[in-house]
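Below is one structure, written out as structure tokens; comments come after it.
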Amino acid sequence: MNVFSHFEGIILDAVTQLQSEGVMSPDMVWKGVSVETPRDESHGDISTNVAMVLARFAKMKPRDLAQKVAEKLESHSDIDKVDIAGPGFINLTIGKAFWLQIIPLILDAPTKYGRSEAGRGQKVNLEFVSANPTGPMHVGHCRGAIFGDALARLLEFAGYDVTREYYINDAGNQVNVLARSAYLRYCEAAGQSIEIPEGLYPGDYLKPVGQALFEKYGDNYLGKDEAEWLALFKDFSIDAMMDMIRDDLKALDISFDVYFSERSLIQGEKDVVRATITELQERGIVYEGTLPPPKGKLLEDWDEREQTLFRSTDYGDDVDRALVKSDGSYTYFASDMAYHRDKFDRGFGQMIDVWGADHSGYIKRMKAAVKALSDDKGTLDVKIVQLVNLFRDGQPLKMSKRAGTFVTLREVVDEVGKDVVRFMMLYRKNDAALDFDFAKVVENKRENPVYYVQYTHARTQSVLHRKLPEMMPDMTFDPQNLDSVDLGLLTDEAEIAVIKCLAQYPKTVESAALMHEPHRIAFYLNDLASNFNSLYNKGTDIPHLRFISGDNKQLTAARLAMVAATAAVISSGLQILGVEPVDEM
RNA sequence: GGUCUCGUAGCUCAGCUGGAUAGAGCAACGGACUUCUAAUCCGUAGGUCGAAGGUUCGAAUCCUUCCGAGAUCACCA
């Protein structure tokens with residue numbers, strides 16, 4: 001149950017009653033009404049602006065309408081107190097009994113609590129990573145990969161039907177470069193001494209590929225023309241690179257439902273890119289024309305020429321975009337258009353792309369493309385993940401591909417662990433740059449939210465499974481069976497604060513999913529952990545507040561139920577983030 | 001120069017897509033360990049939400065213009 005939609009329903013009922021009494025106009029539109037937790041605790045548990053937003057439909061002053069609504073709400077059994085404040089806010093104080101029922105709600109189905117129907121089973125296509133198949137994943141890919149994966153988990157949890165998709169850029173020139181680089185390594189494996197020229201990939205990771213090629217083909221292609229081996233070596237190398245990338249992703253617990261090949265769009269029976277362009281030409285959205293030179297930026301080699309252009313300016317872009325290169329092959333954008341058309345045709349009305357910051361200039365044209373291709377029926381949300389700046393002990397790590405000093409994703413995971421990388425990458429808004437310090441993220445301090453949240457979970461497990469049998473051997477506690485447990489014994493304000501926090505979880509999940517912002521889950525967990533630790537420590541100061549109250553089984557059972565509920569929600573939230581809820585630290 | 005993102009406490013960042021007196025962690029200062037895990041907690045102090053206008057009952061949030069940081073800029077991917 002979502003507390004906020006629950007009370008929104010109650011408030012709506014009250015307003016509907018006013019409608020039938022003629023106080024509220026039948027034309028009333030329920031829009032802009034907020035039901036939320038007020039910042040200030042003295043304003044109660046739930047606050048609504050309903051009277052201010054709907055005042056015009058009742059032709060009353062906000063405070064007068066608030067009075068009318070309040071009269072209806074006062075009698076409701078879940079509500080203890082109704083106050084009218086400020087310009088017309090209605091503040092509700094919720095009865096304790098209402099909060100307490102959250103606990104059995106969680107414990108009856110711990111993995112279900114917080115799930116929502118917000119997605120209504122809608123199909124969502126989530127494309128992320130899509131790193132070129134030319135080498136191992138490096139840290140730059142890491143954030144987008146983790147963000148995309150967490151967003152996928154979040155959307156699934158919120159009731160969407162998510163397809164995780166990886167677009168393999170296997171059609172451009174860079175895979176020819178890959179094939180040539182692999183060929184050199186093949187020659188090397190055959191015993192020749194090689195020199196890697198500028199422009200080819202020098203990385204050692206191609207050595208095993210060359211070795212494997214040599215084992216497979218012997219010296220068949222030594223000294224032969226590129227035309228004889230290029231296609232063959234290209235396929236082989238791309239497969240090898242994708243295997244490597246899949247392995248890297250696995251280290252982060254990331255996998256995909258669909259690996260979509262760019263080449264498949266132009267190979268085989270039909271050229272889907274051509275078909276897309278032709279269709280748009282017929283609709284007048286693609287034309288032959290010339291582009292003006294870029295504004296403000298001087299290009300010496302600007303070459304005005306006629307080309308095939310997509311009329312993206314009709315759909316909100318700044319300039320029209322080229323679809324065919326001067327050598328006759330398609331631009332990356334052309335195949336990407338065809339790709340997104342394919343997604344839409346596969347039934348994905350909602351598409352989400354996760355890109356690095358260096359692609360942000362590409363958003364407008366891609367959105368324009370989706371608009372044109374889907375006749376404005378499909379939506380595309382592009383999430384940009386900003387750069388990750390690496391540090392070690394406060395010193396920035398300079399990376400250079402040429403100098404071979406770039407850090408791979410695998411190295412990061414090996415050094416600090418999957419959970420740390422994942423949590424840290426998610427403990428920030430996706431569109432803000434992030435500093436990642438190898439030394440700091442493994443420090444065991446309060447400022448490190450990964451350990452803080454995991455530690456809190458470990459604490460709950462310690463209380464439930466180690467200390468209870470030790471301290472109260474004759475007591476059994478089954479979180480699945482609370483029939484004989486009197487939760488009313490939970491009376492301390494710190495206890496209620498934890499429960500209120502638990503009640504926020506469904507709403508947090510829902511808004512995070514709606515906004516495509518998984519970081520909200522990470523911040524929520526930090527907050528929940530803080531509430532719990534606060535209560536925990538209150539018990540060290542005031543012994544009768546401890547969870548395990550040696551002489552009182554009833555009280556202990558009530559408190560353990562709350563501890564178990566907290567554990568369940570932490571565990572649930574961590575699973576959305578793809579982080580392990582550890583039992584011991 | 002165009003476009004996009006960002007600018008909130010000394011530092012790192014949240015702020016629930018317009019709500020009431022703007023929050024947390026770190027750092028500073030003062031406290032709590034014969035403990036249910038101190039990898040924790042309590043308290044004090046700390047702000048012109050980059051600046052100026054505008055929109056309205058109400059703005060850190062929306063619009064405009066500036067300032068500053070980063071990314072990107074025909075035919076790469």
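The chains referred to below are lettered A, B, ... by the order of the sequence lines, with proteins before strands, and numbering in each begins at 1.
The side chain of Lys429(A) places an N or O atom within less than 4.0 Å of a non-bridging phosphate oxygen (OP1 or OP2) of G15(B). The phosphate of U3(B) (OP1 or OP2) has no side-chain N or O of Lys364(A) nearer than 4.0 angstrom. Between Lys325(A) and A77(B), a side-chain N or O to OP1/OP2 separation shorter than 4.0 Å is present. Here Ser534(A) reaches the OP1 or OP2 of C42(B): one of its side-chain N or O atoms lies under 4.0 Å away. The phosphate of C73(B) (OP1 or OP2) has no side-chain N or O of His359(A) nearer than 4.0 angstrom. Here Arg459(A) does not reach the OP1 or OP2 of U37(B): none of its side-chain N or O atoms lies under 4.0 Å away. Between Ser462(A) and U37(B) there is a side-chain N or O to OP1 or OP2 distance below 4.0 Å.
At the heavy-atom level, Asp583(A) lies under 4.0 Å from base atoms of the strands shown. Backbone-only contact: Arg428(A) has heavy atoms under 4.0 Å from sugar-phosphate atoms and none from a base. Here Ala433(A) lies in heavy-atom contact (under 4.0 Å) with sugar-phosphate atoms only. Residue contacts shown for Tyr452(A) are limited to sugar-phosphate atoms, with no base heavy atom under 4.0 Å away. Using a 4.0 Å heavy-atom cutoff across all strands shown, Tyr455(A) reaches at least one base atom of the nucleic acid. Using a 4.0 Å heavy-atom criterion, one finds that Tyr362(A) contacts the bases of the nucleic acid, with or without backbone contacts as well. Using a 4.0 Å heavy-atom criterion, one finds that Glu584(A) contacts the bases of the nucleic acid, with or without backbone contacts as well. When heavy atoms are screened at a 4.0 angstrom cut-off, Thr456(A) is found touching no nucleic acid atom at all.
Counted by atom type alone, Asn430(A) and His519(A) present zero donor-acceptor pairs between their side chains at under 3.5 Å.
Between Lys538(A) and Asp492(A), at least one side-chain nitrogen of the basic residue sits less than 4.0 Å from a carboxylate oxygen of the acidic one, meeting the salt-bridge criterion. One finds a salt bridge joining Arg559(A) and Glu495(A) here, because a Lys/Arg side-chain nitrogen approaches an Asp/Glu carboxylate oxygen to under 4.0 Å. Taking a cutoff of 4.0 Å between a charged side-chain nitrogen and a carboxylate oxygen, Lys467(A) and Glu470(A) qualify as a salt bridge. Between Asp474(A) and Lys553(A) there is a salt bridge, since at least one side-chain N of the basic residue sits less than 4.0 Å from a carboxylate O of the acidic one.
For the P atoms, the distance linking A22(B) with G46(B) amounts to 14 Å, nearest Å. For the P atoms, the distance from G19(B) to C13(B) is 24 Å, rounded to whole Å. Straight-line distance between the P atoms of A60(B) and G50(B): roughly 10 Å, to the nearest whole Å.
Aromatic pair Phe547(A)/Phe532(A): ring centres closer than 6.0 Å. In this structure, the ring of Tyr505(A) has its center less than 6.0 angstrom from the ring center of Tyr524(A). Aromatic rings from Phe436(A) and Phe391(A) are positioned such that their centres are separated by 6.0 Å or more.
Rounded to whole Å, atom P of U3(B) lies 20 Å from atom CG of Asp358(A). Distance CG (Leu291(A)) to P (C73(B)): 16 Å, rounded to an integer number of Å. Rounded to a whole Å, the CZ atom of Arg63(A) is 17 Å from the P atom of G58(B).
Using cut-offs of 30° and 60° on the angle between ring planes, the pair Tyr167(A) and Phe260(A) is tilted.
If you run ring-ring contact (aromatic ring centres under 6.0 Å, His included) between Phe523(A) and each of Phe423(A), Tyr427(A), Tyr452(A), only Tyr427(A) comes through. Asn537(A) pairs with exactly one of Thr540(A), Asp541(A), Leu535(A) by the side-chain contact (heavy atoms from CB on, under 4.5 Å) rule, that one being Thr540(A).
Taking the side chain of Ala458(A) as heavy atoms from C-beta on, and the options U37(B), G70(B), C16(B), the nearest nucleotide is U37(B). For Asp541(A), whose side chain is taken as the heavy atoms from C-beta onward, the closest listed nucleotide among A32(B), U40(B), G70(B) is A32(B).
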Let's test your reading of the pairing rules: Watson-Crick or G-U wobble, both distances under 3.5 Å, then write RNA chain B as a dot-bracket string with ( ), [ ], | and dots.
(((((((..((((.....[...)))).(((((.......))))).....(((((..]....))))))))))))....

Could you go step by step and tell me if Gln174(A) and Asn169(A) meet the side-chain contact (heavy atoms from CB on, under 4.5 Å) rule?
CA-CA 9 Å; Gln174(A) 79 283 353; Asn169(A) 302 134; 3.7 Å; yes

Sugar-phosphate or base contact per nucleotide [nucleotides 19-25 of chain B; S, B, -; heavy atom under 4.0 Å]
BBB---S

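Residues from residues 556-571 of chain A that place a heavy atom under 4.0 Å from any atom of RNA chain B: there are none.
Across the interface with RNA chain B, nearest-nucleotide mapping of Thr540(A) and Ala171(A) shows Thr540(A) to be the residue nearer the 5′ end.
Relative to the six-membered ring of Phe310(A), Arg365(A) misses at least one condition, a distance below 6.0 Å or an angle of at most 45° to the axis.
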